[in-house]
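Since the structure comes first, as structure tokens, the remarks are kept for the end.
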2 protein chains.
Amino acid sequence: MTRSIAPGDRPEARKRLTAAERRTQIIAMAREVFVEEGVNGARSRDIADRAGITEAYLYRHFHSKDELFQLAIDEPLDRMITVLSNDTRELAARNDVDRVEVVRRTHELLLGCMVEIAPLVAAALLSGGTGKNQFYADYLFPRLRDVLALVIPDITGYPTKAIELDLFVDAMIGIHLTIALEHLLENKPVDVPVVAEQVTTMFAVGVGRRPR
Amino acid sequence: MTRSIAPGDRPEARKRLTAAERRTQIIAMAREVFVEEGVNGARSRDIADRAGITEAYLYRHFHSKDELFQLAIDEPLDRMITVLSNDTRELAARNDVDRVEVVRRTHELLLGCMVEIAPLVAAALLSGGTGKNQFYADYLFPRLRDVLALVIPDITGYPTKAIELDLFVDAMIGIHLTIALEHLLENKPVDVPVVAEQVTTMFAVGVGRRPR
DNA sequence: GTCTATATACAGATAGAC
DNA sequence: GTCTATCTGTATATAGAC
């Protein structure tokens with residue numbers, strides 16, 4: 001029985017790599033597949049094929065598909081949110097920038113982060129599994145909340161109005177993440193500065209008629 | 001080998017039902033399991049157990065797990081969004097209600113709908129699978145967009161400001177859905193009228209400092 | 001460093017008896 | 001209307017040769 005797609009179809013993959021190089025390469029390919037198929041849809045076979053090796057050899061480098069997911073999705077996601085956290089805190093601490101401008105930049109940072117992590121989040125969302133791996137609910141979301149809850153009271157007009165901080169945080173996450181996911185799913189790029197500007201306006205001055 | 005959990009542990013399930021009753025019951029149990037475990041996590045075995053029957057008999061009533069998902073999750077979701085669509089349109093058409101009040105009620109309707117569908121959406125989100133079943137991206141989201149895009153220009157102050165309609169729609173979906181999912185994941189109830197009121201304020205008059 | 005062959009496990013689905 | 005027994009497909013992971 002001849003296989004229609006044999007490992008090694010990609011010429012550049014046929015090279016013999018060092019263990020470290022191979023690891024790095026596999027992780028990169030795994031990320032691609034996870035992002036395309038979701039965690040459940042991703043077959044370790046697909047990952048191996050794309051890396052130009054066999055499944056068997058893949059498992060020489062990683063103990064399990066789970067470990068691979070950890071390295072390919074979880075860790076990058078974690079790093080990106082750490083960056084966001086640092087950036088926003090740094091921004092909030094500055095005295096040389098107009099507060100209004102700080103708000104705009106915060107929205108920009110948040111949206112930029114969301115655009116970046118959206119593919120990984122989408123992949124993680126499809127993790128499901130046997131009840132464990134509540135990655136999104138137990139980990140990602142709380143971390144985003146913490147980042148924002150810490151920085152929002154300082155930079156926004158909040159608590160100017162009768163709005164719960166939690167609600168406000170949810171709103172910010174919801175808006176930016178939804179925009180990012182929407183554009184991702186429709187394959188449209190996000191013009192971060194422009195959109196961030198509009199969101200800032202929306203939050204700051206509203207869009208509709210004033211209630212009495 | 002004795003099974004620790006045998007079908008029929010639930011006394012009321014031991015009854016002989018008519019085919020129609022059994023179908024209805026299975027669908028209800030399926031919905032429970034899908035919601036608890038996500039579509040991938042849900043085992044047809046679990047569904048059968050909970051219905052107090054065997055897997056074999058389950059498959060006498062439904063051709064596939066997919067069909068069951070369709071009936072247990074997709075259709076109800078579809079109905080709920082149809083209701084939302086009708087309600088909002090009806091609301092928008094009324095002349096006897098202050099426009100400002102209409103906006104508030106629209107947020108209330110939307111949030112109420114999101115709270116109701118959140119469990120099903122969460123279940124559908126975990127569908128993943130082999131690349132198909134882009135339920136969320138291909139179906140749910142577009143439908144929500146259409147509902148809102150149709151009604152928003154009429155009821156809101158939009159297009160008062162330099163904000164894209166698409167963005168505005170995304171923002172509304174994002175906020176309400178995120179709030180609903182957040183509360184679901186943390187097992188907190190949503191006080192719909194109160195939260196809707198706050199969201200209305202946020203959209204209408206903003207929360208932060210005004211830009212120059 | 002890389003492969004072929006295979007073990008293991010389990011889920012979805014069917015056959016046929018009662 | 002419901003069950004017992006079983007098949008089939010497929011995914012992760014391992015053993016051992018080269």
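Chain naming here is simple, since letters A, B, ... match the order of the sequence lines and numbering starts at 1 in each.
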If you restrict it to nitrogen or oxygen atoms, what contacts under 3.5 Å exist between nucleotides 16-18 of chain D and the protein, and what is each distance?
| from | atom 1 | to | atom 2 | distance (Å) |
| --- | --- | --- | --- | --- |
| D:dG16 | N7 | A:R60 | NH2 | 3.4 |
| D:dG16 | O6 | A:R60 | NH2 | 2.3 |

Look at the side chain of [X] and the backbone N and O of [Y], then say whether any donor-acceptor pair between them is shorter than 3.5 Å.
X      : Y      : answer
B:R45  : B:A42  : no
B:R23  : B:H61  : yes
A:T200 : A:A196 : yes
A:K188 : A:E182 : no

Open item on the list: As an exercise, state the distance from CZ of B:R31 to CD of B:E75, rounded to the nearest 0.5 Å.
Closed with: 10.0 Å
To the nearest Å, give me how far apart [atom1] ([X]) and [atom2] ([N]) are.
X     : N      : atom1 : atom2 : result
A:L17 : C:dT2  : CG    : C1'   : 11 Å
A:R22 : C:dC3  : CZ    : P     : 8 Å
B:R16 : D:dG1  : CZ    : P     : 8 Å
B:Y57 : C:dA13 : OH    : P     : 18 Å
A:H61 : C:dC3  : NE2   : C1'   : 13 Å
A:Q25 : C:dT2  : CD    : C1'   : 13 Å
B:D49 : D:dC3  : CG    : P     : 11 Å
A:F69 : D:dA11 : CZ    : P     : 19 Å

Open item on the list: Tell me the closest heavy-atom pair linking A:R22 and A:A51, and the distance in Å.
Closed with: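 Smallest heavy-atom distance, with atoms named: NH1-O, 3.4 Å.
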Task: Under 4.0 Å protein heavy-atom contact, by nucleotide of nucleotides 6-12 of chain C - B base, S sugar-phosphate only - done: -----SB
Open item on the list: Looking at D:dC3, I'd like to know if its phosphate oxygens (OP1 or OP2) sit under 4.0 Å from a side-chain N or O belonging to B:T54.
Closed with: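 For D:dC3, OP1/OP2 do have a side-chain N/O of B:T54 under 4.0 Å.
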Could you tell me whether [X] and [Y] make a salt bridge, using a distance below 4.0 angstrom between a side-chain N and a carboxylate O?
X      : Y      : result
A:D46  : A:R50  : no
B:R104 : B:E101 : yes
B:R94  : B:E90  : no

